[in-house]
Each structure stands twice: as structure tokens, then as C-alpha cells.
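Note that this is a predicted model, so its numbers are computed, not measured. Letters A, B, ... mirror the listed sequences (proteins, then strands); counts begin at 1.
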Amino acid sequence: MPDLLANLNPEQLAAVTLPNEPALILAGAGSGKTRVLITRIAWLIQQGYATPTTILAVTFTNKAAKEMMARLTAMMPIDTRGMWIGTFHGLCNRMLRAHFRDAGLPQTFQILDTADQLSAIKRLMKGLNIDDEKYPAKNLQYFINNAKEQGLRPKDVDATDSFNMKFVELYAAYEQQCQREGVVDFPELLLRCYELLAHNPPLRAHYQARFRNILVDEFQDTNKLQYAWLKMLAGEHNAIFAVGDDDQSIYAFRGANVGNMHDFEREYHVRNMIKLEQNYRSHGHILDTANFLIAKNSRRLGKNLRTDAGHGEPVRVYEAATDTQEAAWIVEEIKAMIHAGAARGEIAILYRSNAQSRTIEHTLVNAGIAYRVYGGLRFFERQEVKHALAYLRLIDNPNDDTAFARVVNFPTRGIGARSIEQLADAARLYNCSMAAAVPYVTGKAGSSIGAFAQLIAKMRAETQQMSLPETVEYVIRTSGLAAHYENEREGQDRLENLQEVVNAAAAFVQEEGYGLDTPARSIPLRPGATNAPEIGLATDDPSVDVLDPASPADPAQNPDTMTPLAGFLSHASLEAGDNQAQAGQDAVQLMTVHAAKGLEFMAVFITGLEEGLFPHENSAQESDGLEEERRLAYVAITRAKERLYLSFAQSRMLHGQTRYNIRSRFFDELPEESLKWLTPKVEAGARWGGRSDNAGWGRDWFARPGQERGERAAYTDPDAGKPLPAFANNQRAADTGFKVGQPVFHTKFGEGTVIALEGSGADARAQVRFKRHGEKWLALAVAKLQAVE
DNA sequence: GGCCTATGCATTTTT
DNA sequence: TGCATAGGCC
């Protein structure tokens, strides 16, 4: 039996071995959060406090869910078949598939992703002749999703003004449309699942009796609905083991409610709040910087990270004249690091908004440095892939008008906008889907649309017995998609992507454990399965023990509640795939601060630390906006393991205009002792207070002798080339007059000893351990430090 | 139907 | 500035 508890620190140990009661684990950045979570699961099972079937572990991203599953099985051989580990949406989908009838859904319901949802809304509004200048589709989408995330159906929304009343009306119409088409959007998955449990006491009792152990990752990111869903499953007696970090809550804009942490603590009378403050990632100066900054936030649960790693390097700060010059400096630093043997993949460049990446990318390209940018189009979001999926969806669920509208005339088959409008009118008139309305349209429109309907019918018939990969391949060919892209000049990539869909289908079949010949559209019996899927649950027969994992009456026990095709389509919607180009390549990593959450790098650049950008100007209008920006900066800082750079530029090209920014207020909230200004620090007052005319300011105010005006010297850090990990004390004492071990005296801090030196000339700094004031970095040009004999 | 131009818009994003 | 989208034109 593996010793799961070996090498845990006392707080981690305490968290892992808590009694089965509500618990809130405040897990700081880099504190071993995932480790605690999975060790907790393994320990519960090992000790006999839980079985795999009693465990439900929920995360936000598929990546996190996969990592959890992988590390768990690596830690301990566990039969994960009965375990529910997944994202909120994935688990809700699973439950809705198992109980589709009780949930009021067709068995083949399809999931709309955000783009599908928007086009469904646009179609709805067009049909109702709604002026989309006055009621923009995007706003309605936001309104609907927001309402759902508050758990509100149209009848529950309080609308006082005519504008909102219209939105409520449209929300209701949208719901009807979705219901008729058999589609659900993302928030609907959660709300529908919540209502399923709320309105069905036997079902609720079943799952409550089953999931005795509920574990939640990134709890600070939960929204109201997700929290309500968790409470529903927990009932009166189940333990929720919530792990999160209020200081890393950066998703308020999409509904995350940090308040859930306080609420959870209060509502469940949490006796077990454990703080994981030991950080295993960053060196001391980096942590001090993070701690100092986040301390400026109010309403924290309170936490201070510590490390055994030593101070390490100071945080380097750089002021550039322009964004271009900032990028040039970054590239020089990176070159030096690479030269010293650093791996490109261990270097990250972070920015607040995507627009900032362009300048940096250009500079990297010119320097010939491999990089990769996070974000952008994901595999299942590509046009050609979505087209292929639309045909597959129509085969599975002909009422899916979003899919129908998408491909009825793609590849083009002479069905124009007018014909489609006629069909949509007919569908509205007969209150049916477009596919069902085909017989009602006549004339030329009727015949071309009729041919399309026949094509779909033929596909449905001919794929009846085909496996999933065969079906996909058949559809790509028969739909004419393949031929279309073969004829297109630049269709080669798209063709390859279509082939990738076939491959993805084959991989899916394999991973899900279906036989390769399993028909895509029947619910198969897998080897070892004893029952056909039963839908509607054991509630029909109260004598059946629904908790018996072997019981055929427990459909949730049987993963085979979806056909391979439905599973694949769900997979495509819920897991849109990688958006990281050239993954695996050793390349410098570019991403937004949001995208960096959860990652770590040897060296991190946080760029564009300017008022208006970071903190972002729009945050000023949001309640608690500045605090969220500060948390964002905190997340960014805590990504760095050994080296951290903070930079800002006096001027920056944004939206085609040059903006002049002042440095971020966050600099005034950082510990001066942990910073090393590579460019001279200019007090805000010195520049702004004394400025009477602004001719040329910001370009050449700091030009040094011998430099051209407006040209910036390469302020490349002379230490950048030190190997990573690098921070052996710099013994150079050449021009400082001090050396390591030297006893010194400071007028304010008293007696101390020099323990490190770095930089030279005006940048020279000494780290001093004072007898009564601890360790500090002092700029020798400024500090009045005297050598003591 | 496809191509071209005019126009508007630009914080962060997973499912 | 640069992209996505919409609308007009051939």
C-alpha cells in the first residue's frame, strides 16, 4: 500500500486527512493544491472512507480534470469507472444523458457552443423581425446566459423597463426555440441539471446518497448556479471539500462569485478551514512582491505565502520609451537567457490584453526566436470542422436548426437566402423545425431544399450500421465538403483538418472503449456490461438498491447512456480542443495573464504595466474592479519561479493611436527591497508635477549623454546571461567598495552584514542582513551604507 | 455566389 | 492599427 502521506507538509497533511465534513482549503499559488486534492481522494479510498462510486470531483477545465485523473491513477491503482471526475458541464451532460426523459430533453439533444448559441439567437430575432440595432443579439445572449447563471427562467426575471421586458420576452422565445430543436446551450446544461435534481426527489435522493464525497477545484471561480448545484448534490449530509484561492479570483466578468467562499464557510459552518501557505514554486523576492501587492486588497480571507527557497534574484523592473522598445529589450533579455542555456519553453511573456502581443511577436520573429501564442481558434471551432459536425448533428437530430441553417447551402447547392427564409417562415407557421417544414415549401425552393432533405435522409439511412469513424468519413465525402475544399485554392489545410476529424473520431472511439465496429448510432453494450441502458431510473422500482454499483437499475453507473455519435458530438462541443499552436515545441510562451493561471515558468515577463492597461481602464467602472486587477497582477507574479521582469512603456500604439501612459500604480504597492530598477526609477511627482509643457516628454527626458535623443540605450541587464537557476550571490565587489561578508552600518537599519551584491555602477545593489531589521536589498547609489571595520 | 469595400470596433474566457 | 462583419455590386 503506498504511503500517500509521505512528504506532505503539516498543512497539506491536515487537509488530506480531514474528517468527512465540509472543508475549505485556502490554497495559495504554488502550494500543492492539486496534490492535496488527489491525495485526499486516494486517502479516502485507501482508508475505506470512500469508494470510487461515492466520489464526485469537479473542475472548470477539461485539462484540470484530465490531470486529476492521470495523477490519481498514477498514485494508486483505482477503478475509476464509477468515479465522477469532470467539468461542471461534462458532469451535467452525463447526468442529463442518463435522465434525458426526466429532464425533458430528446435523447439526441445537441449542445450549442457560444458561437452556435449566438447564431441561434440571430436566427430567432430575424424570424421575429426584431431590430438588432436596438436589441443587439450579443446583448441578448449575455442577458440570457446571465439569467440562467442566476438560476432564473424568463418568468423569474424581474423586468421593470420596456427594454428588459423585451429581453425577457425574447429569452422565453429562445427557450421555446431550443426546446423545439432539441438543443441546449452551456448554461442550460447546468440549469437543466440543477432543475432535474430539484424537481425530482427520488433522483435527488439517489445522487445525494451516492456522492458522499464531493471535491471542488478552483472554488473561487464558481458562479451562483454552480454553487447551487453543488449544494443540491451535497444535501444535508455530504461533505464538500472545496479548494480555492480568493486571491486568484480573476473571472468575475464571467460570473465567478468569490463570495461563494464566504457563503460556503458560513452556510456550512466550516470548522475546517486550512491555509496552504507554503509555496514550492517561487523564490523569496518574487513571493514578497506578490504578498506585498495582494495585501492591498480588502475583504480577503487572508493568506501569506512563504518559501524555503531563499530570496533569489530581485525582481527586475524596466521602463521603456515605447512599446516597440519594450519588446526589443525583452528580446535582448531572452537572447541572453537562451545563450546561458535557458529553455525557451521556460520563458513566458504575459500581457493584460491580446492586442499587446503583436508588437512582441514581430520583434520575436525578426530575432528568429521560436514562440507560441496561447489563445485563438481551437480545433472544433474551425469553419470546416463545424460544417462537418453540423452534418453529423443533422443525422442524429434533424430538428437542430442551427446545424440545418449552417449547411443547407454549404457546399452551395443553389439554395438562396430567400428560399431559406421561406422555409423558416413555414417552420414558424407550423411551429416545427426547418427540417420538418420542408414538405410545406413548394416551387423551385421546394425542390432544391427537398433535395437537401433527401441527402440528409440518405446519409442517415446509409450510416445506420457504420462505426463512428466510418460515419464521419462518409459524411465528409457525401456532403460534398471534401470535394468543395479540394477545388478551393487554399483548401488544403481545411481538407487536412477534415481528415483530422476522422482521426479524432477514431481516437474518441478508442479512448471510450468502444469496439471499432460499434455502430455510431446505437447504444452499445460494452464488454462486461450487463444491461441495456435504462433511462428513467430505479425510481420505478423502490425495492432496487440504487446504490449498488452492480445494479442494472443505476443508469449513472452505466456510462453507456450515449451513442458513440452523441458522445463524440458532446465531446466536440464541451472540449473544443487545443488552441496552442505548435504545442510541444521549445518556444517562448506568449499569453494573457488570464491564460497563465495555473502555469509556472522559470522566467516571466509581465509587460505593459501601465495605468489604463494594467490596471485596465475599464476596470475602474466595475465594482471591485481594481481589486480584481490586483489579483490578476498577483496571479501573474506568482507564475515566476526564479526570475521575474516587470516592464512598462511611456508610449504605446493602441488602436492606431499613440497613447501616453504612466506606470502602473501597482509599482507603488511593491516592496522596494525586492525590486531592482534596471532603468532609473523616476518618482511620479518628478515627472508629472514638474511638467509644464509636454513637448517631447516621454521620448527623450532620460536620454543619457552620448545617446541620441529619443533613442534608448540597450538597458539590457548585465546579469541576464547568468544561467538559470542562477542566483548564487554575485561576488563582484569591484566598484562598490563592499564585499560579501562585510560588516556594515546603515543610519536607519543599524548594524548588519552584506550577504550579496549585484549589478555595478549606478545599479549596484547590496543585500544586507541587519541584526534587527532582517534582510534588505539596498541600492548603493542611494542608501547610506557604511563599511565597518 | 463570390468578391470587394466600407464600417465599426477593440479586456480578460471556459464550457 | 487591424480585424471581423455587413452590405453592395457584378
Nearest whole angstrom, please: distance from the [atom2] of [N] to the [atom1] of [X].
{"X": "A:E627", "N": "B:dT12", "atom1": "CD", "atom2": "C1'", "result": "18 Å"}
{"X": "A:H89", "N": "B:dT15", "atom1": "NE2", "atom2": "P", "result": "9 Å"}
{"X": "A:L654", "N": "B:dC9", "atom1": "CG", "atom2": "P", "result": "16 Å"}
{"X": "A:L626", "N": "B:dT11", "atom1": "CG", "atom2": "P", "result": "18 Å"}
{"X": "A:Y351", "N": "B:dT12", "atom1": "OH", "atom2": "P", "result": "10 Å"}
{"X": "A:E617", "N": "B:dT12", "atom1": "CD", "atom2": "P", "result": "12 Å"}

Identify all side-chain donor-acceptor contacts of residues 118-135 of chain A below 3.5 Å with residues at least two apart in sequence or on another chain.
| from | atom 1 | to | atom 2 | distance (Å) |
| --- | --- | --- | --- | --- |
| A:S119 | OG | A:D116 | O | 3.0 |
| A:R123 | NH1 | A:E181 | OE2 | 3.0 |
| A:R123 | NH2 | A:T402 | OG1 | 2.8 |
| A:D131 | OD1 | A:E133 | N | 2.9 |

Checklist line | Residue met sooner reading DNA chain B from 5', once A:I415 and A:G90 are mapped to nucleotides | finding: A:I415

Notebook entry, point to check: A:F253 on top of B:dT12's base, within under 5.5 Å and under 30°?
Noted result: yes

Next item on the list: Compare the aromatic ring of A:H594 with the six-membered base ring of B:dT12 and state whether they stack according to the 5.5 Å and 30° rule.
Entry: no

Between side-chain atoms of residues 354-362 of chain A and protein atoms elsewhere (two or more places apart, or another chain), which donor-acceptor pairs fall under 3.5 Å?
| from | atom 1 | to | atom 2 | distance (Å) |
| --- | --- | --- | --- | --- |
| A:Q356 | OE1 | A:S353 | N | 3.1 |
| A:Q356 | OE1 | A:S353 | OG | 3.1 |
| A:S357 | OG | A:N354 | O | 3.1 |
| A:S357 | OG | A:E361 | OE2 | 3.1 |
| A:E361 | OE1 | A:Y371 | OH | 2.9 |

Note to self: Can you give me the first and the last nucleotide of DNA chain C (5' to 3') that has an atom within less than 4.0 angstrom of a non-hydrogen atom in chain A?
What the structure shows: C:dT1 to C:dA6

Checklist line | NZ/A:K224: more than 12 non-hydrogen atoms of other groups inside 6.0 Å | finding: no

Next item on the list: Verify the ring-centre separation between A:F219 and A:F264: is it less than 6.0 angstrom?
Entry: yes

Item checked: Nearest-angstrom distance, P atom, B:dT13 to C:dA4 -> 16 Å

